[in-house]
Trainee: 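Sharing a structure below in structure tokens format, with a few things to ask.
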Amino acid sequence: FRKEEEMNAQQTRLESYITRPQKTRKQQILEILGDREMTARMILKQMKHTDMNFVRPRLTEMVKDGILEICGSAFDKETDKNTVIYRRKK
């Protein structure tokens, strides 16, 4: 009996996960950017993540797809290097 309850709970969680509408990372990035210009780190912090690999590949794809453009550079205090600034392509 216990095993059956556990399987039902697991199936319910799976069905809930599958049917829940989820925003893609690209959609999240676009919402965060809005009409602003931001670096990858600024976007990452708004998403409440710490790994740059969470946003950088998507930003690169979005630039290649013509959704975003690089519009400048800014100094990143955390890396002591210049980094690019992104914005929505007009």
Side-chain angles (χ1 to χ4, degrees):
F1 182 72
R2 182 87 176 138
K3 197 76 157 166
E4 187 177 323
E5 284 180 354
E6 190 175 310
M7 288 181 69
N8 285 337
Q10 195 172 26
Q11 181 65 28
T12 302
R13 282 193 303 272
L14 178 61
E15 288 171 3
S16 175
Y17 178 79
I18 290 170
T19 58
R20 179 179 65 194
Q22 295 182 5
K23 293 181 184 175
T24 66
R25 206 165 301 165
K26 289 180 182 181
Q27 289 171 323
Q28 292 174 329
I29 290 169
L30 287 174
E31 283 182 12
I32 289 168
L33 264 175
D35 293 330
R36 299 180 288 178
E37 298 177 352
M38 301 174 79
T39 66
R41 189 171 308 281
M42 293 165 77
I43 295 167
L44 183 74
K45 287 182 178 180
Q46 290 286 314
M47 295 176 92
K48 299 190 180 359
H49 282 275
T50 57
D51 183 2
M52 293 300 287
N53 289 322
F54 189 76
V55 294
R56 278 196 179 136
R58 301 298 81 75
L59 292 170
T60 300
E61 289 171 5
M62 293 169 81
V63 168
K64 285 182 182 176
D65 293 343
I67 299 167
L68 300 180
E69 63 185 356
I70 295 171
C71 61
S73 65
F75 185 74
D76 184 344
K77 294 177 187 174
E78 292 187 40
T79 61
D80 285 333
K81 295 181 181 179
N82 284 323
T83 185
V84 297
I85 298 172
Y86 298 92
R87 69 175 171 210
R88 285 184 182 214
K89 198 164 187 178
K90 296 177 182 178

Trainee: For Asn53, does its backbone N or O pair with a side-chain atom of Asp51 as donor and acceptor, under 3.5 Å?
Mentor: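 Yes, because the side chain of Asp51 sits within donor-acceptor range (under 3.5 Å) of the backbone of Asn53.
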Trainee: Do Arg41 and Thr83 make a side-chain contact, defined as non-hydrogen atoms from C-beta onward lying under 4.5 Å apart?
Mentor: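 The answer is no; the side chains never approach within 4.5 Å.
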Trainee: Please round to the nearest 0.5 Å and tell me the distance separating atom CD of Gln46 and atom CD of Gln28.
Mentor: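 It comes to 12.0 Å.
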Trainee: Looking only at heavy atoms, what is the nearest atom pair of Gly66 and Lys89, with distance?
Mentor: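 Smallest heavy-atom distance, with atoms named: O-CD, 3.3 Å.
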Trainee: Looking only at heavy atoms, which two atoms of Arg87 and Glu37 are closest? And how far apart?
Mentor: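 Closest approach of Arg87 to Glu37: NH1-OE2, 2.9 Å.
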Trainee: As an exercise, state the distance from NE2 of His49 to CD1 of Ile43, rounded to the nearest 0.5 Å.
Mentor: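 Going from the NE2 atom of His49 to the CD1 atom of Ile43 covers 13.0 Å.
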Trainee: Give the minimum heavy-atom separation between Arg25 and Met47, together with the two atoms involved.
Mentor: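 Nearest pair, atom of Arg25 first, then Met47: CG-CE, 3.8 Å.
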Trainee: CG/Leu68 to CG/Leu59 distance, rounded to the nearest 0.5 angstrom?
Mentor: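 That separation rounds to 6.5 Å.
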Trainee: Treating Arg88 as the side-chain partner and Leu30 as the backbone partner, does any N or O pair qualify as donor plus acceptor under 3.5 Å?
Mentor: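 Checked: pair present.
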Trainee: Does the distance from a Lys or Arg side-chain N to an Asp or Glu carboxylate O, for Glu61 and Lys64, drop under 4.0 Å?
Mentor: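 No, no charged N to carboxylate O under 4.0 Å.
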Trainee: Roughly how far, to the nearest 0.5 Å, is CE of Met42 from OH of Tyr86?
Mentor: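 It is 13.0 Å, given to the nearest 0.5 Å.
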Trainee: Would you indicate whether the side-chain heavy atoms of Lys81 and Asp76 approach each other to under 4.5 Å?
Mentor: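 No, every pair of side-chain atoms sits at 4.5 Å or beyond.
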Trainee: Do you reckon Ile85 sits in the same ILVMFWY cluster as Val55, going by side-chain contacts under 4.5 Å, direct or chained?
Mentor: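 No, because Ile85 and Val55 fall into different hydrophobic clusters, even though each may have its own neighbours under 4.5 Å.
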Trainee: Look at atom CG of Asp35 and say whether more than 12 heavy atoms of other residues, nucleotides or ligands are closer to it than 6.0 Å.
Mentor: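 No.
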Trainee: For the atom pair CD1 (Ile70) and OG1 (Thr39), what is the distance rounded to the nearest 0.5 Å?
Mentor: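 Reported to 0.5 Å precision, the distance equals 12.0 Å.
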